[in-house]
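Structure record follows, encoded as C-alpha cells.
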Amino acid sequence: KNRSGFCRVGITTGKKIGSAVERNRARRVIKEAYRSICLQVAQGWDLVFVAREGTGKKKSPEIALLMQTQLKKAGALANVPSAGDLPANQ
C-alpha cells in the first residue's frame, strides 16, 4: 500500500526472458492485461509485475486472469463486479 490516492504500476522484464523484442512483447501483454482489470484494483497500491519466461507467448486475457487471482490473494482488488458478473441489459 502507498499513501497516495492512486495505484502505481511497475513492470520488469529481465534478460532471461529473451531478446529485446521478446521482452517488449511481454511488457505489452502485461500492460494490456492490467488495463483490462485496472478498474477492479483498489486505490493506493504499488504493484510490480515481473515477466517470467513464456509471458510473451500468452494472450493478455490469460495474464489478466492470473493477475486477478494474485491481486485477490493480496487483497488489492476492490469489491467491483467484473464485466462477466454484470447482468445483461434486456
Side-chain angles (χ1 to χ4, degrees):
K1 291 201 84 131
N2 64 40
R3 294 180 184 171
S4 66
F6 55 90
C7 287
R8 296 184 294 190
V9 178
I11 299 170
T12 181
T13 54
K15 287 195 175 187
K16 289 182 180 180
I17 300 298
S19 67
V21 173
E22 293 167 324
R23 292 192 303 270
N24 288 334
R25 164 113 175 101
R27 278 192 286 268
R28 284 194 309 270
V29 169
I30 291 171
K31 284 180 191 177
E32 185 56 36
Y34 180 74
R35 274 190 204 110
S36 70
I37 66 164
C38 66
L39 295 177
Q40 299 173 19
V41 178
Q43 295 299 309
W45 283 82
D46 289 337
L47 304 172
V48 178
F49 296 107
V50 180
R52 297 290 182 206
E53 198 171 329
T55 302
K57 294 178 177 74
K58 296 190 184 295
K59 301 288 184 186
S60 59
E62 269 184 275
I63 302 294
L65 187 61
L66 292 170
M67 279 183 185
Q68 281 181 319
T69 56
Q70 293 300 313
L71 291 172
K72 188 180 286 188
K73 284 181 185 178
L77 283 185
N79 292 328
V80 176
S82 64
D85 296 338
L86 297 175
N89 292 336
Q90 295 175 355

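All heavy atoms count here, side chains included; hydrogens, waters and symmetry mates do not. As the structure is a prediction and not an experimental result, all values here were calculated from the model.
- Here the CG atom belonging to Asp46 is positioned 4.0 Å from the CZ atom belonging to Arg8, to the nearest 0.5 angstrom.
- Between atom NZ of residue Lys72 and atom CD1 of residue Ile37 there is a gap of 11.0 Å, rounded to the nearest 0.5 Å.
- The line from CH2 of Trp45 to CG of Leu71 is 8.5 Å long, rounded to the nearest 0.5 Å.
- Nearest heavy-atom pair across Ser60 and Ala33 is O-CB, 3.5 Å.
- Hydrophobic clustering, with ILVMFWY side chains joined whenever heavy atoms are under 4.5 angstrom apart, groups Val9 together with Leu77.
- Side-chain contact between Val21 and Arg25 is absent, with no heavy atoms from C-beta onward closer than 4.5 Å.
- Between Ile63 and Phe49 there is no side-chain heavy-atom pair separated by less than 4.5 Å.
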**Prompt:** Going through the distances and angles, do Glu32 and Arg35 end up as a salt bridge (Lys or Arg N to Asp or Glu O under 4.0 Å)?
**Reply:** CA-CA 5 Å; Glu32 185 56 36; Arg35 274 190 204 110; 3.2 Å; yes
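- Checked by atom type and distance alone, the side chain of Arg23 pairs as donor or acceptor with a backbone atom of Gly18 at under 3.5 Å.
- One N or O on the side chain of Glu22 and one on the backbone of Ser19 form a donor-acceptor pair closer than 3.5 Å.
- Going from atom CZ of Arg27 over to atom CD1 of Ile17 covers 10.0 Å, rounded to the nearest 0.5 Å.
- A side-chain hydrogen bond (donor to acceptor under 3.5 Å, both in side chains) check over residues 47-59, counting only residues at least two apart or in different chains, returns nothing.
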